[in-house]
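A quick write-up on the structure given underneath.
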Amino acid sequence: MAEDGQIISELSFEEALKALQQVVRQLEDGDVPLDQSITLYERGEKLRAHCQARLDAAQARIEAIVLDAGGKPTGTKSFDGPE
């Protein structure tokens with residue numbers, strides 16, 4: 001799991017998601033002082049943004065397989081969603 005001092009931009013999606021889940025658990029428990037809650041919330045927002053950016057980048061890399069008239073793959077094209 002990522003340490004608090006680790007730079008968020010260096011985290012993998014999975015590491016950032018685990019760290020975000022930990023932040024959410026701590027906030028939901030309600031056992032942290034207000035100042036620490038604010039700091040946790042700010043870190044959680046940065047982790048959420050990082051996860052969203054990683055998901056957006058992954059989605060942009062998805063490619064659809066192009067088939068010829070006989071149903072054989074001929075290459076790939078960028079996936080832009082339903083046509």
Side-chain angles (χ1 to χ4, degrees):
M1 179 152 332
E3 295 179 18
D4 287 341
Q6 191 169 8
I7 298 172
I8 290 173
S9 64
E10 295 177 357
L11 298 176
S12 70
F13 174 80
E14 293 77 11
E15 291 169 332
L17 186 59
K18 279 184 180 181
L20 179 57
Q21 290 169 336
Q22 182 181 18
V23 166
V24 170
R25 275 192 303 276
Q26 287 179 287
L27 290 172
E28 286 179 341
D29 286 346
D31 294 333
V32 289
L34 179 60
D35 289 342
Q36 187 178 356
S37 292
I38 293 168
T39 300
L40 281 170
Y41 181 85
E42 290 169 345
R43 178 167 171 76
E45 178 54 30
K46 290 175 186 174
L47 289 162
R48 185 213 56 80
H50 178 69
C51 287
Q52 186 63 55
R54 296 295 298 250
L55 286 173
D56 291 345
Q59 183 176 4
R61 292 176 53 198
I62 294 174
E63 295 181 324
I65 297 172
V66 178
L67 303 177
D68 65 13
K72 296 187 181 195
T74 60
T76 60
K77 68 176 181 175
S78 178
F79 179 76
D80 295 324
E83 295 181 6

Legend entry - Pairing of Arg48 and Glu45 as salt bridge, 4.0 angstrom limit: yes

Inset, instruction - Is it possible for you to say whether Leu55 and Leu17 belong to one hydrophobic cluster, with membership spreading through side-chain heavy-atom contacts below 4.5 Å? - result: yes

Inset, instruction - Nearest 0.5 Å please: distance from the NZ atom of Lys46 over to the OH atom of Tyr41. - result: 12.5 Å

Inset, instruction - Rounded to the nearest 0.5 Å, what's the gap from NZ on Lys18 to SG on Cys51? Could you check? - result: 12.5 Å

Inset, instruction - Spell out, as yes or no, whether a donor-acceptor pair under 3.5 Å connects the side chain of His50 to the backbone of Leu11. - result: yes

Legend entry - Spatial distance of atom OG1 (Thr39) from atom CD (Gln26) [nearest 0.5 Å]: 11.0 Å

Inset, instruction - Could you check Val24, Asp35, Val23 and say which one makes a side-chain contact (heavy atoms from CB on, under 4.5 Å) with Leu40? - result: Val23

Legend entry - Inter-residue atom distance Glu15.CD - Ile8.CD1, 0.5 Å rounding: 12.0 Å

Inset, instruction - Give a yes or no answer on whether the side chain of Arg43 reaches the backbone of Ala19 with a donor-acceptor pair at less than 3.5 Å. - result: no

Inset, instruction - Give, for atom CG of Leu47 and atom CZ of Phe13, the distance between the pair rounded to the nearest 0.5 Å. - result: 11.0 Å

